[in-house]
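Only one structure is covered here, and it is reproduced in the block below.
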2 protein chains.
Amino acid sequence: MAPSKKPRITYSDIAKEAGVSKATVSRVLNDDPNVDDDRRKRVVETVEKMGYKRNRAASALASGKTGMIAIVIDDDLSILSDPFYATVASGISRVLMRNDLQPLLLVAEMNSVDGPVAHYLQGGEVDGAIFFQLHESSLIRKLEKIGLPFVIVGTPHTNSDFLYVDCDNFGGGLQAARHFFESGRKVIGTITGDIVATAGKQRLDGFMQGYREHGKVASKKLVAQGDYSLDSGRIAMRHLLADNPGLDAVFAANDLMAVGAIAAAEEAGKVVPDDIAIIGFDDSLVAQTSRPPLSSIKQDVVNLGETAANLLIGKLKDEQMESVILPVELISRQSA
Amino acid sequence: MAPSKKPRITYSDIAKEAGVSKATVSRVLNDDPNVDDDRRKRVVETVEKMGYKRNRAASALASGKTGMIAIVIDDDLSILSDPFYATVASGISRVLMRNDLQPLLLVAEMNSVDGPVAHYLQGGEVDGAIFFQLHESSLIRKLEKIGLPFVIVGTPHTNSDFLYVDCDNFGGGLQAARHFFESGRKVIGTITGDIVATAGKQRLDGFMQGYREHGKVASKKLVAQGDYSLDSGRIAMRHLLADNPGLDAVFAANDLMAVGAIAAAEEAGKVVPDDIAIIGFDDSLVAQTSRPPLSSIKQDVVNLGETAANLLIGKLKDEQMESVILPVELISRQSA
DNA sequence: CTGAAAGCGCTTACAG
DNA sequence: CTGAAAGCGCTTACAG
């Protein structure tokens, strides 16, 4: 079909050219230390000169390693509107490719242990996997049993010893609360995300810790639940306003809810940030387009992906890896 | 390393179990019509029963087809803030996997014909490629020479016969202009994107066509150039306002600029949409969070990905494929 | 329609 | 440190 005329260059060709055996070529290309320096050099040069590219399929068949890493993203609607995934994936892709590994993009429903994704991952087609925000842990447990190395982007629900990377959700909530206290705000509320999931819970916990640092405790009335949507932020803000007369600051667990909160505040005749200061989380595009521009907790999303890839690569080499928490930073704009 | 105890099931196993040869098993699995129905059925059942999964590496080595499709995304900053790419990629991934093809995610710089991406694509590691918004056409031309099938998401600059899929940029501009005229607006301006690139040019052309349909021509003063950024929209709006006293409607080539335009309009004491109506393009998250909520031209982004994948699959089968333009739709909110 | 056999291009004990 | 050789699990002319 494809008129790829060029006859493929193989080990035989470069072995002949370099005056060594195919085994030696293989050793050099696989970084086997047991090769004479001169011969190694000759092989490397020949490979370079002839523009040789190893055939992955052959390599995979012989070695049992495919060199492929699955990036598994749950196929619900969240991916459709959140640039987060693309950004993390780009970080992963870059690191993986630099290490001669191939990132396979799996967007599919992960609702069952026997679904297509599960099948796929067990089929030996990949050497490892990186999961995005994992909800279904039975799948994971199964993979662990099989011995497939994996890393999770986000903090897993169960406090097992899965390897993961996440941003400092707790620290983000804490920084927001501190900023409010330090700038003299008195009645500080929060709009949570889904607090059954770890990220939402930790952001709330960090916020609460900020209260504690100042010798106070947030009353229940100061905590309104949202679901990360614009409308939920608006509605939660209305409740907060109604329940707390002196309300002068609100930390929302994401930017979308924060923008909803600003709208609700202004509808109630309040001026942001004069009457009420607001901080969001994500430092997304909507934080920049918001009026007033939204102060927000920023995480290094590309780094999240790069770190995930590096953790997995370490694990593939049987190195002892530790989960990592990436720092966050408060980006000050005009809303707080 | 991985304690994958299960001995692999191979063709031999299922050939023995089904009482046929390995060749027959292969034929059945590759949909070769030349197999007796009874034997085919027996093989299919055995495969099912034994939970057999074909070894891709072996298959690739023997057939010369890898079953992998590269999704190539240029590694500039745009991917970092635009959910567009993730959404298209998810559409691609879904269709590809359903067809037993594997989506390989390549995020890298594509600036040269000899860059890593070029090398990679020529190395025979993939059966085809899908490009996102292609700038560098010399690479493409090279791929065509090699015979690697590919599809472009977005309209290529050069009006060659590359296979592509794009949304109806022209129609979007046209719909916006029509909407303004039909709702009685008189002095209608536009903020363009990068008009060197096709998308920006076509959106402008469509807008101009709307003027022509109403027997008019937009004066140069009614066209302000932007670069798709928030600030450029704000600045362009100021120019538009200064140059056109009666300005009462503006079509911006993306939502970000439209939001900037709203801000500039309000800063100038105008009320949106009463004094000035504004329409954006993309129907992104910022259109929803905007105040007032932004009317915007919406494209079906998932479909864009699915269509790209289907075009490529057709091409892989040597079918005659045609580039496709997907319809767009004006989503009415409050800004127009 | 079917099967025996060669071959795809690597990797890896094994023996030296 | 090195090479000859077997083998990874498929596919595909070839002969029937």
Side-chain angles (χ1 to χ4, degrees), chain A residues 1-2 4 6-44 46-47 50-68 100 102 123-125 127 316, chain B residues 1-2 4 6-44 46-47 50-68 100 102 123-127:
Chain A
M1 224 160 64
S4 55
K6 280 195 263 187
R8 218 177 205 304
I9 302 171
T10 70
Y11 272 15
S12 302
D13 300 315
I14 81 147
K16 200 181 302 171
E17 183 77 12
V20 300
S21 73
K22 294 193 292 176
T24 296
V25 175
S26 177
R27 289 192 185 101
V28 171
L29 263 48
N30 289 307
D31 291 322
D32 185 328
N34 295 336
V35 178
D36 176 78
D37 271 352
D38 277 354
R39 319 182 109 236
R40 175 189 303 284
K41 208 176 134 210
R42 237 184 307 150
V43 170
V44 169
T46 311
V47 164
M50 304 185 71
Y52 172 74
K53 290 218 60 178
R54 172 160 42 187
N55 181 318
R56 263 178 197 276
S59 170
L61 178 57
S63 72
K65 301 199 173 309
T66 61
M68 320 221 54
D100 209 29
Q102 317 212 62
E125 306 213 24
D127 292 345
L316 288 174
Chain B
M1 224 158 67
S4 57
K6 278 195 267 186
R8 214 174 209 306
I9 302 171
T10 71
Y11 272 16
S12 302
D13 300 315
I14 80 149
K16 199 180 304 170
E17 183 76 12
V20 299
S21 73
K22 293 196 292 177
T24 296
V25 175
S26 177
R27 290 190 185 104
V28 171
L29 263 47
N30 289 306
D31 290 324
D32 184 328
N34 294 336
V35 178
D36 176 79
D37 271 351
D38 277 353
R39 318 182 109 236
R40 174 188 304 283
K41 209 175 135 211
R42 240 186 302 152
V43 170
V44 169
T46 310
V47 163
M50 303 186 71
Y52 171 77
K53 291 219 57 178
R54 172 160 42 187
N55 181 316
R56 262 178 200 275
S59 170
L61 178 56
S63 72
K65 301 199 173 307
T66 60
M68 320 221 52
D100 208 29
Q102 315 214 61
E125 307 214 21
V126 298
D127 292 346

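In the text below, chain A, chain B and the rest are named by the order of the sequence lines, each starting its count at 1. Small disclaimer: the values here were computed from a predicted structure and weren't measured.
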- Query: Is there a side-chain contact between A:Asn30 and A:Arg54, using heavy atoms and a 4.5 Å cut-off?
  - Reply: yes
- Message: If I take atom NZ in residue A:Lys22 and atom C1' in nucleotide D:dC8, what distance separates them, rounded to the nearest angstrom?
- Response: 13 Å
- Message: Any non-hydrogen side-chain atom of B:Leu61 less than 4.5 Å from a side-chain atom of A:Asn55?
- Response: yes
- For B:Lys65 and D:dT11, what is the distance between atoms NZ and C1' respectively, to the nearest whole Å? 12 Å
- Message: Can you measure B:Asp38 atom CG to C:dC1 atom P for me and round it to whole angstrom units?
- Response: 12 Å
- Item | Sorted by number, the residues of residues 50-63 of chain A with heavy-atom contact under 4.0 Å to DNA chain D | A:Leu61, A:Ala62
- Message: With a 4.0 Å limit, can you tell me whether A:Ser21 has a side-chain N or O closer than that to the phosphate oxygens OP1/OP2 of D:dA4?
- Response: no
- Task: Rounded to whole angstrom, note down the C1' distance from D:dG16 over to D:dT12.
- Result: 16 Å
- Between D:dC10 atom C1' and B:Asp100 atom CG, what is the distance in whole Å? 14 Å
- Taken to the nearest whole Å, CD1/B:Ile9 to P/D:dC10 is 10 Å
- Here the residues of residues 25-35 of chain A within 4.0 Å heavy-atom distance, strictly under, of DNA chain C are A:Ser26, A:Arg27, A:Asn30
- Query: If you write DNA chain C from 5' to 3' in dot-bracket form, with Watson-Crick or G-U pairs under 3.5 Å, [ ] for crossing pairs and | for pairs with another strand, what do you get?
  - Reply: |||.||||||||.|||
- Query: Salt bridge or not for A:Arg56 and A:Asp100, using N-O below 4.0 Å?
  - Reply: yes
- Message: Without decimals, in angstroms, what is the distance between A:Arg42 CZ and D:dC1 P?
- Response: 15 Å
- Item | B:Val44 vs B:Arg40 side-chain heavy atoms within contact, under 4.5 Å | yes
- Give, for atom NZ of B:Lys22 and atom CG of B:Asp13, the distance between the pair rounded to the nearest 0.5 Å. 10.5 Å
- Item | B:Lys41 NZ to C:dC1 C1', straight-line distance once rounded to whole Å | 18 Å
- Spacing of A:Ile9 atom CD1 and A:Met50 atom CE [to the nearest 0.5 Å]: 5.0 Å
- Message: Rounded to whole Å, please give me the gap between OH in A:Tyr11 and P in C:dG7.
- Response: 21 Å
- Query: Of the non-hydrogen atoms in B:Thr66 and B:Gly124, which two are nearest, and what is the gap between them?
  - Reply: CG2-O, 3.5 Å
- Message: Does D:dG9 have its OP1 or OP2 closer than 4.0 Å to a side-chain nitrogen or oxygen of B:Thr10?
- Response: no
- Query: How far does CG of A:Asp37 sit from NZ of A:Lys41, to the nearest 0.5 angstrom?
  - Reply: 9.5 Å
- Message: Please give me the minimum heavy-atom distance between A:Ala60 and B:Ala57, naming the atom from each residue.
- Response: CB-CB, 3.6 Å
- Closest approach of A:Val35 and A:Val28, non-hydrogen atoms and distance? CG1-CG2, 4.0 Å
- Below 4.5 Å, heavy atoms only, C-beta onward: do A:Val25 and A:Tyr52 meet side chain to side chain? no
